[in-house]
Amino acid sequence: MARANEEAAELLRELADLLSITGGDAFKIRAYEKAARAVAGHPDDISGLDLAGLRAIPAVGDAIARKILDYTRTGTIRQVEELRARIPAGVRALTAIPTLGPKKALVLYEELGVSSVDELEAAIRAGRLRGLKGFGPKTEENILRGIELMRGSRERVLLDAAAGVADEVVEVLSALPQVERCAHAGSLRRMRETVGDVDVLAASRDPRPVMEAFTALPLAAEVVASGEKKTSVRTAKGLQVDLRVVPPESWGAALQYFTGSQAHNIRTREIAVKAGLRLSEYGLFDAESDELIVSETEEEVYERLGLPWIHPALREDTGEIEAALKGELPRLVTEDDLRGDLHSHTDLTDGVASLEDMVAAAHARGLEYYAITDHAPNLVMQRMTDEKMLAQRARVAELQARYPDLALLHGTELNIDPDGGVDWDADFLSGFDVCVASIHSHFNLDRDAMTRRLVRACENPRVHVIGHPTARSIGRRPPVDADWDEVFRCAARTGTALEVDSFPDRLDLPADLIRRARRFGVKFAVDTDAHSVGHHRNIRYGVGTAQRGWLTPDDVINTWPLDRLRAFLRKS
DNA sequence: GCCGTTTTCGGCCCGACTGTTTTCAGTCG
């Protein structure tokens, strides 16, 4: 992804933050935030754009286009530098403390000279906030707690952790007699790769017992806020869970609203305003008469706004509104579309389940074909040998007789060495039905070397799928650095699929790169990379990531019938 | 600062909760 876009977007975000601290015009601040999102999500590298090209980006006008040019020429934006000189970076950092926003941060800086989180903590403990206007004892307490939470590296959690909490809450609340409907919303419903807060929505005419059941849940270690309509708790691990209770007739509008994203909601509400309507979590209303128009289902809400229903995975204001208005929304791939899985492991290498159990699990998923792809010898710790691999192939062939409706493919997951070569010679490789090739080491090559490495792997006629292409580990290891456009061009040209790995800490390719790669005509394989029977369930996260990348069934080779897949694997 | 088949000026999404405040500002999503 164009690094310049991300850097420019970050500078615009910083500009917005600094202006909000210095009390800048709120609409101007919003304009910068909006432009930052647009730049970050823009498909073209902004460093190659001139003034007119920049202005063609939605939400970027003349002033911001010039600021971006300032960045591409000098590496920074002059106004940002000027504001940095006035507002120390530590003051902006204060706003990262929950419950402490720009206004309070500025007061703390101007009145007490506080310009870092550490200084703030010391000031509170020294009693220096006493008597400061707007800062009562509760505020002090909340700030201290906020600092503690932040230091406890309370970060966004992985999808599976959030889904586990959400599933539990929804299950318990759904069983209450007062609850008519209950579901999770928020970034989890949108399948963002990490989740900051879990949002749960319930429809009920009698909210009080619902709120009480919620705060009484064993996972609710602490009640953060509680009201008639909204209650928030925090789990022992620090994950916040918000419950909103709405009247049943508001369900659709509420689900739409609480699913977000915020940027998407702003767009839908703008469309409402322009149509003389008002959209809130309670429904779509006539702005004049306040008369309720629709609210029961999301479909009705979108329809009345002149839009088709938009899949939650697309709701990021990165072009889905425009596509919807033009009737050009993609028909997104779903779990039901998947006929096969092309990446899995057994206890022959680092999997924990037997070949028989993994195949049985694939069969239980209703798959039509399933590839076993254990690790290859160059990942030395896996102790793979030619003999072991050939013996496994024989066992797969035997097992096939027991599964007439599940085609078993014998494959392997090769290691892409630093030069782009892989395990085994072409002759041995030709014995596999499918070869996934992945980076498992030497993550720090420079961009040119990494690009050459991936390109050479794609050019190998025996390599069908590049496994977890960026090799990132969310929260632990950054993606490798490569010229992804170059890699995508090569993958498309050579007929090499890129994997969407469903592991919650991988989700690799990430959605933004998927969307970009698709523009080059790249094909994808949405796989579990399962190392155990339970890992098969992770497929929903891979599918969610593919959906966030706007993939259709035709983009995904393992939705294809087996004969079409086999033709693709010939790479001719 | 952006944007416009009603506009080049005057709008810009909307509501809940908290805390400190006697009527509302700040924060959050």
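Numbers restart at 1 for each chain; the letters A, B, ... are given by sequence-line order, proteins then strands.
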Between [atom2] on [N] and [atom1] on [X], what's the gap in Å once rounded to a whole number?
{"X": "A/Arg192", "N": "B/dG29", "atom1": "CZ", "atom2": "C1'", "result": "13 Å"}
{"X": "A/Ile271", "N": "B/dC12", "atom1": "CD1", "atom2": "P", "result": "16 Å"}
{"X": "A/Glu270", "N": "B/dC2", "atom1": "CD", "atom2": "C1'", "result": "10 Å"}
{"X": "A/Arg190", "N": "B/dG29", "atom1": "CZ", "atom2": "C1'", "result": "11 Å"}
{"X": "A/Leu51", "N": "B/dG1", "atom1": "CG", "atom2": "P", "result": "15 Å"}
{"X": "A/Arg269", "N": "B/dG29", "atom1": "CZ", "atom2": "P", "result": "16 Å"}
{"X": "A/Lys274", "N": "B/dC3", "atom1": "NZ", "atom2": "C1'", "result": "8 Å"}
{"X": "A/Glu281", "N": "B/dC17", "atom1": "CD", "atom2": "C1'", "result": "13 Å"}

What I want to find out is whether [X] reaches [Y] closely enough, with some N-O distance under 4.0 Å, to be called a salt bridge.
{"X": "A/Glu316", "Y": "A/Arg37", "value": "no"}
{"X": "A/Asp62", "Y": "A/Arg55", "value": "yes"}
{"X": "A/Arg331", "Y": "A/Asp337", "value": "yes"}
{"X": "A/Glu81", "Y": "A/Arg84", "value": "yes"}
{"X": "A/Glu288", "Y": "A/Arg278", "value": "no"}
{"X": "A/Lys34", "Y": "A/Glu270", "value": "yes"}

Return the residues of [range] meeting this criterion: a heavy atom under 4.0 Å from some atom of DNA chain B. Order them by number, or give none.
{"range": "residues 246-267 of chain A", "answer": "A/Tyr257, A/Gln262, A/Ile266"}
{"range": "residues 60-72 of chain A", "answer": "A/Val60, A/Gly61, A/Asp62, A/Ala63, A/Ile64, A/Lys67"}
{"range": "residues 288-305 of chain A", "answer": "none"}

Fill in: Mutual orientation of the aromatic rings belonging to A/Phe520 and A/Phe488 [parallel < 30°, tilted 30-60°, perpendicular > 60°]
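Judged by the thresholds at 30° and 60°, the geometry between A/Phe520 and A/Phe488 is tilted.
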Practice prompt. Identify whether any heavy atom of A/Ile29 sits under 4.0 Å from a base atom; if not, whether one sits that close to sugar-phosphate; answer base, sugar-phosphate or nothing.
Written response: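 Counting heavy atoms under 4.0 Å across all strands, no contact is made by A/Ile29.
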Practice prompt. Tell me what A/Ser226 touches on the nucleic acid: a base, only sugar-phosphate, or nothing, going by heavy atoms under 4.0 Å.
Written response: sugar-phosphate
Worksheet item: Among all residues two or more places apart in sequence or in another chain, which pass the salt bridge (Lys or Arg N to Asp or Glu O under 4.0 Å) test with A/Glu119?
Response: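 For A/Glu119 there are no salt bridge (Lys or Arg N to Asp or Glu O under 4.0 Å) partners, ignoring immediate neighbours.
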Expressed as a whole number of Å, how far does the [atom1] atom of [N] sit from that of [M]?
{"N": "B/dT21", "M": "B/dG26", "atom1": "C1'", "value": "12 Å"}
{"N": "B/dC12", "M": "B/dT8", "atom1": "C1'", "value": "16 Å"}
{"N": "B/dT20", "M": "B/dC28", "atom1": "P", "value": "15 Å"}

Practice prompt. Check the surroundings of atom CD in A/Glu303: do more than 12 heavy atoms from other residues, nucleotides or ligands lie under 6.0 Å from it?
Written response: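 No - once you tally the heavy atoms of other residues, nucleotides and ligands closer than 6.0 Å, there are 12 at most.
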Discussion item. I'd like to know whether CZ of A/Arg304 has more than 12 heavy-atom contacts from other residues, nucleotides or ligands below 6.0 angstrom.
Written reply: no
Discussion item. If you take the centroid of each ring, where Trp contributes its six-membered ring, are A/His535 and A/Phe503 closer together than 6.0 Å?
Written reply: yes
Discussion item. Checking base pairs now: Watson-Crick or wobble, both atom distances under 3.5 Å. What partners B/dG11?
Written reply: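 B/dG11 is paired, partner B/dC2.
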Discussion item. Can a donor-acceptor pair be found, under 3.5 Å and without considering hydrogens, that links the side chain of A/Asn538 to the backbone of A/Pro504?
Written reply: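 Pair absent, no side-chain N/O of A/Asn538 close to backbone of A/Pro504.
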Discussion item. For a quick test of reading the model: is some side-chain N or O of A/Tyr32 closer than 4.0 Å to OP1 or OP2 of B/dC12?
Written reply: no
Worksheet item: Testing A/Val170, A/Val245, A/Thr231, A/Leu188 for side-chain contact (heavy atoms from CB on, under 4.5 Å) with A/Val200, which one passes?
Response: A/Val170
Discussion item. By nearest heavy atom, map A/Val224 and A/Pro58 onto DNA chain B; which one lands nearer the 5' end?
Written reply: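 Result of the comparison: A/Pro58.
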Worksheet item: Considering only side-chain heavy atoms of A/Ala225, which listed nucleotide, B/dA16, B/dT18, B/dG1, is closest?
Response: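 Between B/dA16, B/dT18, B/dG1, the one nearest the side chain of A/Ala225 would be B/dT18.
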Item to complete: Measure from the side chain of A/Lys28, starting at C-beta and using heavy atoms only, and say which of B/dC14, B/dC17, B/dG1 lies closest.
Response: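 Of the candidates, B/dG1 comes closest.
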Shorter than 3.5 Å, N or O on both sides, protein versus nucleotides 19-28 of chain B: list them out with atom names.
{"residue": "B/dG19", "atom": "OP1", "partner": "A/Asn142", "partner atom": "ND2", "Å": "3.3"}
{"residue": "B/dG19", "atom": "O3'", "partner": "A/Thr139", "partner atom": "OG1", "Å": "3.2"}
{"residue": "B/dT20", "atom": "OP1", "partner": "A/Gly136", "partner atom": "N", "Å": "2.7"}
{"residue": "B/dT20", "atom": "OP1", "partner": "A/Gly136", "partner atom": "O", "Å": "3.0"}
{"residue": "B/dT20", "atom": "OP1", "partner": "A/Pro137", "partner atom": "N", "Å": "3.2"}
{"residue": "B/dT20", "atom": "OP1", "partner": "A/Lys138", "partner atom": "N", "Å": "3.3"}
{"residue": "B/dT20", "atom": "OP1", "partner": "A/Thr139", "partner atom": "N", "Å": "3.2"}
{"residue": "B/dT20", "atom": "OP1", "partner": "A/Thr139", "partner atom": "OG1", "Å": "3.2"}
{"residue": "B/dT27", "atom": "OP1", "partner": "A/Gly101", "partner atom": "N", "Å": "2.7"}
{"residue": "B/dT27", "atom": "OP1", "partner": "A/Gly101", "partner atom": "O", "Å": "3.1"}
{"residue": "B/dT27", "atom": "OP1", "partner": "A/Lys104", "partner atom": "N", "Å": "3.0"}
{"residue": "B/dT27", "atom": "OP2", "partner": "A/Lys103", "partner atom": "N", "Å": "3.2"}
{"residue": "B/dT27", "atom": "O5'", "partner": "A/Gly101", "partner atom": "N", "Å": "3.4"}
{"residue": "B/dC28", "atom": "OP1", "partner": "A/Thr99", "partner atom": "N", "Å": "2.7"}

Discussion item. One pair to check against side chain to side chain contact (heavy atoms under 4.5 Å, CB included): A/Asp197 and A/Leu239. What are the steps and the verdict?
Written reply: CA-CA 6 Å; A/Asp197 301 312; A/Leu239 180 63; 5.6 Å; no
Fill in: side chain to side chain donor-acceptor pair (under 3.5 Å) pairs, two or more places apart, involving residues 206-215 of chain A
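Residue pairs with at least one partner in residues 206-215 of chain A: A/Arg208-A/Glu228.
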